[in-house]
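Have a look at the structure below, then the notes.
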Amino acid sequence: MKILITGGLGYIGSHVTVLLIQNGYEVVCIDNLVNTSLSVLDGITSITNKKPYFEDIDVCDTKKLKELFNKHSDISGVIHFAAFKAVGESVNDPLKYYENNIGGLIKILKYTVDKSIPFIFSSSCTVYGEADELPITEEAPLKKANSPYGNTKKIGESIVEDCCAAFKDFNAILLRYFNPIGAHESSKIGESPQGIPQNIIPFLTQAVAGKQSHLKVFGSNYNTSDGTCIRDYIHIMDLAQAHIDSLNYLIEAKNSNSCEVYNVGTGNGVSVLELIKAFEKATGEKVPYELSEPRSGDTVAAYADPKKINKKIGWVAKHTLEEALQSAWNWEVSLNSDT
Ligand code: WQD
């Protein structure tokens, strides 16, 4: 079976591409390479011993997309990742985010909805904002997004939902990711942020590697167990597996609704200080850090109730936090040994 993966050379996309190949799928991978590089394709090829079909295509490029769907008229599933994801940048340049993330989604859907191709949409726990109750279930009300990036995920969900309602045989799953971290066990692919990392794990590993002076812990007086923010950190390979399981579930028509939404998280809430301790325990490395001012717009606490995906799709997170952190550190070490 042939699966189209957009943004297939990105952080999450590359790990999903590996698992698709290893699960016997034929992969058509597209990426416009603005936030990644062709070396990721080499990493995927080296892990799987199979080079996936790849084209440098922007999902907003209607002409190229049309040619792609004509050439691959036998695509039987789409996993859509291609999107910009820098929260801060989206605040300064909202139109860039709406044009790319919403425009790209609409263009991909145009080739998908009337052919009834199963569709997986990459959403985010950011749609819940500061939830009233923890852990967060899929029934929790969606809050006003605190960035244009977050809003593109909320709007994207509605667009996919509306298409499921309008096109009788179109089925989709919206996956709301919590915080993906870590890398493939081979250290041949991982997270490669451009410039100064905004997310905690790449920043932390760079601080340990001496590329940053120290990690700033954003806020230490929150109303949490130790005053720092709480998140649900999920191993990237567990997150990738959730896509394979969701795709199989749709292909086997096990869904009861045409559009289903699932949290993808471990269910464990971990504070920033607990994360640092867990990293030190897993790797034996010392994390240079200092307590610092809160980051504006940060959610205080968010962790998933993953029971729905556990029960309906049969997916559970299998890796421990320590394994995820060790893999993130191995990846950082491998990057430094290349240079
Ligand atoms: C995690 C924790 C920070 C950096 C991001 C996206 C969001 C979403 C999930 C994606 C927070 C703290 C961070 C640092 C720190 N989904 N921190 N020092 O904020 O949960 O959200 O991932 O699509 O949209 O923005 O992730 O990794 O930035 O932060 O103390 O240098 O680490 O305050 O508590 P976040 P993050």
Side-chain angles (χ1 to χ4, degrees), residues 7 10-13 35 80-91 97 101 105 121-131 134 136 142-157 174-182 191 193 195-208 211-234 236 239 242 263-266 268-279 287-304 321 324-325 328:
Y11 173 42
I12 305 177
N35 206 15
H80 179 56
F81 290 109
F84 293 144
K85 59 171 187 176
V87 176
E89 185 190 43
S90 79
V91 174
Y97 276 68
N101 294 10
L105 171 65
F121 178 64
S122 150
S123 188
S124 165
C125 66
T126 191
V127 299
Y128 296 120
E130 194 70 64
L134 293 167
I136 305 173
L142 305 192
K143 298 276 175 70
K144 183 175 170 1
N146 57 15
S147 70
Y149 160 76
N151 209 22
T152 65
K153 292 297 176 192
K154 268 183 80 176
I155 297 169
E157 285 197 1
L174 316 172
L175 293 179
R176 292 179 181 155
Y177 316 146
F178 282 70
N179 291 56
I181 60 166
E191 186 174 12
I196 298 172
Q198 305 300 309
N199 294 113
I200 190 160
I201 288 304
F203 198 100
L204 182 154
T205 56
Q206 287 197 8
V208 175
K211 293 177 181 168
Q212 308 290 344
S213 65
H214 62 278
L215 173 74
K216 285 184 181 165
V217 174
F218 294 144
S220 55
N221 285 315
Y222 287 114
N223 185 19
T224 60
S225 51
D226 61 19
T228 64
C229 292
I230 310 265
R231 294 288 185 276
D232 185 335
Y233 296 96
I234 172 171
I236 187 71
L239 178 63
N263 286 339
V264 193
T266 65
N268 302 320
V270 172
S271 75
V272 178
L273 292 179
E274 285 169 344
L275 186 73
I276 292 170
K277 280 201 200 87
F279 182 91
V287 179
Y289 74 88
E290 70 176 25
L291 302 182
S292 179
E293 291 305 304
R295 177 171 68 177
S296 107
D298 245 342
T299 299
V300 179
Y303 56 96
L321 178 63
L325 294 168

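Each ligand, and each atom within it, is numbered from 1 in the order the structure gives. All values below were derived from every heavy atom in this structure, side-chain atoms included, with hydrogens, water molecules and symmetry-related copies excluded. Just so we're clear, the structure is a prediction, and the values are computed from it rather than from any experiment.
Distance from atom 34 (O) of ligand 1 to its nearest protein heavy atom, with residue and atom name: Cys229 CB, 2.9 Å. For atom 25 (O) of ligand 1, the closest heavy atom belonging to the protein is Val87 CG2, 3.2 Å. Looking only at protein heavy atoms, the nearest one to atom 13 (C) of ligand 1 is Ile200 CB, 3.6 Å. Distance from atom 36 (P) of ligand 1 to its nearest protein heavy atom, with residue and atom name: Asn199 ND2, 3.4 Å. Taking atom 11 (C) of ligand 1 as the reference point, the nearest protein heavy-atom neighbour is Arg231 NH2, 3.6 Å. The nearest protein atom to atom 33 (O) of ligand 1, hydrogens excluded, is given as Asp298 OD2, 2.5 Å; this is a heavy-atom distance. The nearest protein atom to atom 16 (N) of ligand 1, hydrogens excluded, is given as Ser124 OG, 2.9 Å; this is a heavy-atom distance.
For ligand 1, the polar-atom distance check finds no N/O of Leu215 at less than 3.5 Å from any of the ligand's N/O atoms. Looking at Tyr177 next to ligand 1, no N or O pair under 3.5 Å apart turns up.
Under the 3.5 Å distance criterion, the side-chain polar atoms of Asp232 are matched with a main-chain donor or acceptor of Ala304. Remark: the backbone N or O of Ser122 is paired with a side-chain donor or acceptor of Lys153 at under 3.5 angstrom. Checked by atom type and distance alone, the side chain of Asn199 never pairs as donor or acceptor with a backbone atom of Ile201 at under 3.5 Å. Side-chain atoms of Ser292 never come within 3.5 Å of backbone atoms of Lys216 as a donor-acceptor pair (strictly under, hydrogens ignored).
The pair Asp298-Arg231 meets the salt-bridge criterion, with a side-chain N (NZ, NE, NH1 or NH2) lying under 4.0 Å from an Asp/Glu carboxylate O.
For ligand 1, the atoms closer than 4.0 angstrom to any heavy atom of Val217 are 30 (O). Of all atoms in ligand 1, numbered sequentially from 1 with element shown, those under 4.0 Å from a heavy atom of Lys216 are 14 (C), 15 (C), 18 (N), 30 (O), 31 (O). The Gln198 neighbourhood of ligand 1 comprises atoms 4 (C), 28 (O), with distances under 4.0 Å to a heavy atom of that residue. Ligand-side atoms of ligand 1 in range of Thr126: 24 (O), range being under 4.0 angstrom from any heavy atom.
The option from Thr224, Asn146, Asn179 that lies nearest to atom 26 (O) of ligand 1, judged by heavy atoms, is Asn179. Comparing Phe178, Tyr233, Phe218, Tyr149 by heavy-atom distance to atom 1 (C) of ligand 1, the nearest is Tyr233.
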As a quick check of understanding, evaluate side chain to side chain contact (heavy atoms under 4.5 Å, CB included) for Val127 and Arg176, giving each step before the final call. CA-CA 8 Å; Val127 299; Arg176 292 179 181 155; 3.5 Å; yes
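Using a 4.5 Å heavy-atom threshold, the side chains of Ile181 and Leu325 count as touching.
For the 3.5 Å distance criterion, the side chains of Tyr303 and Asn179 fail to qualify, holding no donor opposite an acceptor. Neither side chain, Glu130 nor Thr299, offers a donor N or O lying under 3.5 Å from an acceptor on the other. Judged by distance alone, the side chains of Glu89 and Tyr97 do bring a donor and an acceptor atom under 3.5 Å apart.
Not a single heavy atom of Tyr289 sits under 4.0 Å from any atom of ligand 1. The closest approach between a heavy atom of Arg295 and any atom of ligand 1 is below 4.0 Å.
Other residues, nucleotides and ligands place more than 12 heavy atoms under 6.0 Å from the OH atom of Tyr222.
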